[in-house]
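No experiment lies behind these values; they were computed from the predicted model shown. Protein chains get the first letters and strands the later ones, always in sequence-line order, with residue 1 at the start of each. All values below come from the heavy atoms of this structure, side chains included, with hydrogens, waters and symmetry mates left out.
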2 protein chains.
Amino acid sequence: MDHKINEINGYLVSIFNDVLMIEERTLRLSQFKDVSIKEMHTIDAIGMYQEHTTSEVAKKLGITVGTLTVSVNNLVRKGYVNRLRSEVDRRVITLALTKQGRLLYRLHDKFHRDMVRETIQEMSEEEAEVLMKGLVNLHSFLERTKEQIPE
Amino acid sequence: MDHKINEINGYLVSIFNDVLMIEERTLRLSQFKDVSIKEMHTIDAIGMYQEHTTSEVAKKLGITVGTLTVSVNNLVRKGYVNRLRSEVDRRVITLALTKQGRLLYRLHDKFHRDMVRETIQEMSEEEAEVLMKGLVNLHSFLERTKEQIPE
DNA sequence: GTCAAATAGTTTGATAGTCAAACAAAAAAG
DNA sequence: CTTTTTTGTTTGACTATCAAACTATTTGAC
């Protein structure tokens with residue numbers, strides 16, 4: 001049992017590191033050299049369709065609004081994000097991707113989808129279900145753990 | 001099929017973010033407030049038992065030796081790591097955890113082990129195997145992808 | 001044996017990412 | 001109308017990072 005725990009843990013840690021490293025290198029070699037992996041995740045959190053406010057995106061990313069403001073300053077300068085002041089409540093800023101930003105979003109999304117497709121492609125329907133069950137368990141453990149820890 | 005890919009991808013992304021956030025908050029609320037998540041990973045890479053050189057640890061973490069030197073300076077100052085100059089080759093530094101460092105290492109390790117134990121606890125032997133298979137597939141996809149991208 | 005080249009690690013300058021705290025503008029509450 | 005709350009921005013301090021210049025030591029060539 002302990003052996004299995006160590007093995008699964010090792011794979012998780014390794015997968016985690018690999019994904020980050022691959023995303024980072026892929027960006028650096030693409031036409032989007034000027035985007036860091038953190039900025040990529042910000043672009044991902046801003047998303048393609050709905051418009052999200054600064055507070056919403058910061059919460060989604062788990063960073064403070066101040067940190068996001070600084071990052072968005074850079075992403076606006078680089079041409080990936082637009083700031084739009086809400087007409088309804090003029091304190092509120094909604095963030096949206098530019099055409100460039102949407103292009104990058106789709107590239108990143110494709111990497112993620114390919115990764116998962118590759119993972120499950122040789123699995124049967126049942127096996128894919130079990131993998132999903134493992135992920136659901138892990139996710140629910142983490143959500144419960146998160147609740148127990150104050151902000 | 002596409003629906004399932006999106007669902008698995010969503011869980012993976014969410015799990016990644018949660019693990020990082022929980023590790024970060026847990027540290028901040030523990031007796032080890034002065035350790036960042038990156039420093040925690042450095043402590044993890046230095047490890048409990050064998051002694052590793054600066055170069056080895058930097059490679060394991062995927063950072064430059066210069067970056068590690070700076071980080072180790074802080075960890076030595078904070079009392080988690082010891083530098084030992086090799087008697088065999090006096091250019092070489094081996095890194096080792098202090099008593100405090102080992103205590104923190106075990107705390108972090110416990111979080112990881114609890115996380116995995118919880119994930120598989122209600123699974124049968126076969127289901128745990130399938131989960132493992134999914135992780136192995138994912139890992140092997142990532143290793144192959146990594147090879148295709150130059151440093 | 002000496003000197004050049006290679007190796008291991010450190011330092012430094014520049015930049016990004018982060019938070020907390022001080023701040024400004026607008027909306028909501030009284 | 002003020003006061004309080006909310007939303008976002010700016011700033012100061014610190015960590016994380018790399019590349020490049022640097023120091024100390026070992027290895028290799030002669």
Check: Can you check salt bridge (charged side-chain N to carboxylate O under 4.0 Å, His left out) on B:Glu7 and B:Lys4, steps first, answer last?
Finding: CA-CA 5 Å; B:Glu7 199 168 351; B:Lys4 191 171 284 167; over 6 Å; no
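The nearest whole Å value for the distance from the CG atom in A:Leu20 to the P atom in C:dG17 is 13 Å. Distance, B:Lys33 NZ to C:dA20 C1': 16 Å, rounded to whole Å. Nucleotide C:dT10 holds its C1' atom 11 Å from the CG atom of B:Leu68, rounded to whole Å. To the nearest angstrom, C1' of C:dT18 lies 12 Å from NZ of B:Lys38. Summarising the geometry, the separation between CD1 on B:Ile46 and C1' on C:dG9 is reported as 14 Å, rounded to the nearest angstrom. For the pair A:Asp34 CG and C:dT15 P, the interatomic distance rounds to 15 Å; values are reported in whole Å. In this entry the distance linking CG of A:Leu61 with P of C:dC19 reads 10 Å, nearest Å.
A donor-acceptor pair shorter than 3.5 Å can be found between the side chains of A:Asn73 and A:Arg83.
Taking the screw axis at each terminus of the helix from C:dG1-D:dC30 to C:dG30-D:dC1 from five consecutive base pairs, the angle between the two is 10° to within rounding of 10 degrees.
Residues A:Val130 and B:Ile8 fall into different hydrophobic clusters, defined by Ile, Leu, Val, Met, Phe, Trp and Tyr side chains chained together at heavy-atom separations under 4.5 Å. Following chains of ILVMFWY side-chain contacts shorter than 4.5 Å, one can reach B:Ile22 starting from A:Val136, so the two form part of one hydrophobic cluster.
Checking B:Gly66 against A:Thr67, the closest nucleotide of DNA chain C that is more toward the 5' end is the one next to B:Gly66.
A:Ile63 comes within 4.0 angstrom of the backbone, heavy atoms only, and of no base. At a threshold of 4.0 angstrom between heavy atoms, the contacts of A:Ser55 are confined to the sugar-phosphate backbone, with no base atom among them. The residue B:Val65 sits close to a base: some heavy atom pair falls under 4.0 Å. Nucleic acid contact for B:Thr69: base, since at least one base atom lies under 4.0 Å from a heavy atom of the residue.
Applying the ring-ring contact (aromatic ring centres under 6.0 Å, His included) rule to pairs touching residues 115-147 of chain A yields A:His139-B:Tyr11, sequence neighbours excluded. A ring-ring contact (aromatic ring centres under 6.0 Å, His included) check over residues 54-109 of chain B, counting only residues at least two apart or in different chains, returns the pairs B:His41-B:His108, B:His108-B:His112.
Of all nucleotides in DNA chain D, those with any atom nearer than 4.0 Å to a heavy atom of chain A start and finish, going 5' to 3', at D:dT6 to D:dT10.
Within residues 71-84 of chain A, the residues approached by DNA chain D to less than 4.0 Å at the level of any non-hydrogen atom are A:Asn73, A:Arg83, in residue-number order.
The side-chain contact (heavy atoms from CB on, under 4.5 Å) test applied to A:Asn17 returns A:Val13, not counting sequence neighbours. Applying the side-chain contact (heavy atoms from CB on, under 4.5 Å) test to A:Glu56 and every residue at least two apart in sequence or in another chain returns A:His52, A:Thr53. Shown here are the salt bridge (charged side-chain N to carboxylate O under 4.0 Å, His left out) partners of A:Lys133, two or more places apart in sequence or in another chain: B:Glu127. The side-chain contact (heavy atoms from CB on, under 4.5 Å) test applied to B:Thr42 returns B:Ile46, B:Leu61, B:Leu68, B:Ser71, B:Leu75, not counting sequence neighbours. For A:Val65, the side-chain contact (heavy atoms from CB on, under 4.5 Å) partners at least two apart in sequence or on another chain are A:Thr54, A:Ser55, A:Ala58, A:Thr69. Residues meeting the salt bridge (charged side-chain N to carboxylate O under 4.0 Å, His left out) test with A:Glu24, sequence neighbours left out: none.
A sub-4.0 Å separation between OP1 or OP2 of C:dG17 and a side-chain N or O of A:Ser36 is present.
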Next item on the list: For each nucleotide in nucleotides 22-30 of chain C, reading 5' to 3', give B when a protein heavy atom comes within less than 4.0 Å of its base, S when such contact involves only the sugar-phosphate, and - otherwise.
Entry: ----BS---
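In this structure, CD on B:Glu51 lies 10.0 Å from CG on B:Leu97, to the nearest 0.5 angstrom.
We find that B:Asp114 and B:Arg117 are joined by a salt bridge, their nearest charged nitrogen and carboxylate oxygen being less than 4.0 Å apart.
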